[in-house]
S.K.: 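Pasting in a structure now, in structure tokens, and then I'll have a few things to ask.
Protein chains get the first letters and strands the later ones, always in sequence-line order, with residue 1 at the start of each.
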Number of protein chains: 2
Amino acid sequence: MTQNLEVDRRVRLNRDRVLQAAVFLADETGIDSLSMRRLAQELQVVPMALYKHVSKKEELLDGMVETIIAEIDPSAGGSDWKSEVRQRVLSARRALQRHPWARQVIESRTTRTPAVLAYWDSFTGMFLAGGLSVDLTHHVMHAMGGRMWGFTQELFDDPAAAAGQSAVPSAAQAVMLQQMTDLYPNIAAIAASSAHDGASVVGQGCDDQFEFEFALDLLLDGFERLHRQGWSSKPGKPSGGRQD
Amino acid sequence: MTQNLEVDRRVRLNRDRVLQAAVFLADETGIDSLSMRRLAQELQVVPMALYKHVSKKEELLDGMVETIIAEIDPSAGGSDWKSEVRQRVLSARRALQRHPWARQVIESRTTRTPAVLAYWDSFTGMFLAGGLSVDLTHHVMHAMGGRMWGFTQELFDDPAAAAGQSAVPSAAQAVMLQQMTDLYPNIAAIAASSAHDGASVVGQGCDDQFEFEFALDLLLDGFERLHRQGWSSKPGKPSGGRQD
DNA sequence: ACCTGAACACCGTTCAAGT
DNA sequence: ACCTGAACACCGTTCAAGT
């Protein structure tokens, strides 16, 4: 019965093939050039054919987020909540780094799809299983914000843009550097201490992975401290525990 | 000489009038309906007239960010670095809350305009003036990420979307709530403990301002602790200070 | 110096029609 | 059930022309 539906036009569209192609196209050409029309072309299909599988472009983007979530490793289990959370966050970060468009798309989404809710729920569960109170876990989840997905605003990325254009001759570059130092002395101080190559104003010397883990651990340590102290959001009700 | 250039067509365009109108239009109708054409129409001018004052739409958005930055209170001075930073961040947060589109636009910008650099520089300066090492300040700036602008991912906003549609009859709502509890028990646990009204799954009970300050203070306290300990990113070089 | 008009190469999405 | 074609109401931006 099911023998020669192999080539109906191509392999026949379905939601998964659409999403996979969309992820691939976004990886290759950037999220800005991902249009319904361009995607249809890639799938050798007329634009409107896509609308049988995703009802709007928004739903396409929601679907793409789902595929990202699927790439995040589930908790291995067997260790303390802190390292379990840490592992999960770093895995999420790796998934997002494989797809440069993902952070922006996740941030732009307002709908809570089941996949997103399931991810949050499982994330929440790591703290609760670790013994943190529901109250503390609630605020912890807020505090994790984007870090739960493995991203922060990498404000100091793209150092070339900060230093001026990328391929300026070094004489002009020296002038720019001097101007930067005059105009932005504090940024310049950081640049001077962290840059090994001297050419970049901020960055180049920045190890994003280090910065990410710095902030992550600061928060995790903070959570742990509050947990040990029996912190509660209701004043005057610290549920026991020493004040170390 | 300069007497009757009052009404050339309207008041005559300039960059400031364009930016102001753009901010107003985005405030009123949302960032998605801010198009060059729509903005031109608002200013009673043909679309191309705008291009004398901003070279591309990107530059328009950069300009809009500048106007937001101008709304952030400069440091009052006279207090310790921690409360000064805190005040500045909360002021930034207020500015962003006046313009709901601002967070998204700031996040989408990749160019470092002078206004943005100046803001970062002044922000950096608060830590350095407080005596934090250049090294620590560097990583602190990374860790502040979006919080320096006064925003976090408010993941739990828009509770209606999480609970299903907004105006569901309460019988159907109860079914939904049960489903939520089955599917996402950990989120449900948080919702149950924080919701006073019982109807919302997550949120409604969430005080965004509280959550924001919770995470902010956790970080600030962490920074302070590292500062007191003489923390350094280079291992084995804690520059003095007790380990409390 | 500043604004206009027409045009180009795109968008997302609808609707009615084909197989 | 799935795909197509034509059409609608938009985009950002260029270029040559007007005042």
S.K.: Rounding to an integer number of Å, can you tell me how far A/Lys56 NZ sits from C/dG12 C1'?
M.R.: 10 Å
S.K.: Provide, to the nearest angstrom, the distance between the CG atom belonging to B/Leu13 and the C1' atom belonging to C/dT4.
M.R.: 13 Å
S.K.: Of the candidate nucleotides D/dG12, C/dT4, D/dG5, which contains the atom at the shortest distance from the side chain of A/Val46?
M.R.: D/dG5
S.K.: Could you measure between the two C1' atoms, the one in C/dC8 and the one in D/dC10, and give it in whole Å?
M.R.: 15 Å
S.K.: Write down the distance between OH (B/Tyr51) and P (C/dG5), rounded to a whole number of angstrom.
M.R.: 17 Å
S.K.: Please map the stems of DNA chain C, keeping only stretches of three or more Watson-Crick or G-U wobble pairs with both distances under 3.5 angstrom.
M.R.: C:4-8 with D:12-16, C:12-16 with D:4-8
S.K.: In Å, rounded to the nearest 0.5 Å, how long is the span from NE2 of B/His138 to CD of A/Glu211?
M.R.: 4.5 Å
S.K.: Output yes when a side-chain donor or acceptor of B/Thr124 lies under 3.5 Å from a complementary backbone atom of B/Trp120, and no otherwise.
M.R.: yes
S.K.: Give a yes or no on whether the ring-centroid distance for B/Phe210 and A/His142 is below 6.0 angstrom.
M.R.: no
S.K.: For the backbone of B/Asp73 and the side chain of B/Ser91, can you confirm whether one donor and one acceptor N or O come within less than 3.5 Å of each other?
M.R.: yes
S.K.: Where do N or O atoms of nucleotides 7-11 of chain C meet protein N or O atoms at under 3.5 Å, pair by pair?
M.R.:
{"from": "C/dC11", "atom 1": "OP1", "to": "A/Ser35", "atom 2": "OG", "distance (Å)": "3.1"}

S.K.: Taking atom CE of A/Met141 and atom CD1 of B/Ile187, what is their separation to the nearest 0.5 Å?
M.R.: 7.0 Å
S.K.: Quick one: A/Glu58 CD to C/dT13 C1', roughly how many Å, whole number?
M.R.: 13 Å
S.K.: I need the CG-P distance between B/Leu50 and D/dT13, as an integer number of Å.
M.R.: 11 Å
S.K.: Measure from NZ on B/Lys52 to P on C/dA1 and round the result to the nearest Å.
M.R.: 9 Å
S.K.: Examine distances only and state if a side-chain atom of A/Arg112 and a backbone atom of A/Thr110 form a donor-acceptor pair shorter than 3.5 Å.
M.R.: yes
S.K.: Does a nitrogen or oxygen in the side chain of A/His53 sit under 4.0 Å from OP1 or OP2 of D/dC2?
M.R.: no
S.K.: Could you pull out all residues at least two apart from A/Asp121 that satisfy salt bridge (charged side-chain N to carboxylate O under 4.0 Å, His left out)?
M.R.: none
S.K.: Starting at CZ of A/Arg17 and ending at C1' of D/dC2, how long is that distance when rounded to a whole Å?
M.R.: 14 Å
S.K.: Start with the C-alpha distance between B/Thr67 and B/Asp16, add both sets of side-chain angles, then the distance that settles side-chain contact (heavy atoms from CB on, under 4.5 Å), and finish with yes or no.
M.R.: CA-CA 9 Å; B/Thr67 72; B/Asp16 251 45; over 6 Å; no
S.K.: Of all heavy-atom pairs between A/Glu107 and A/Phe151, which one has the smallest distance, and what is that distance?
M.R.: OE2-CE1, 3.2 Å
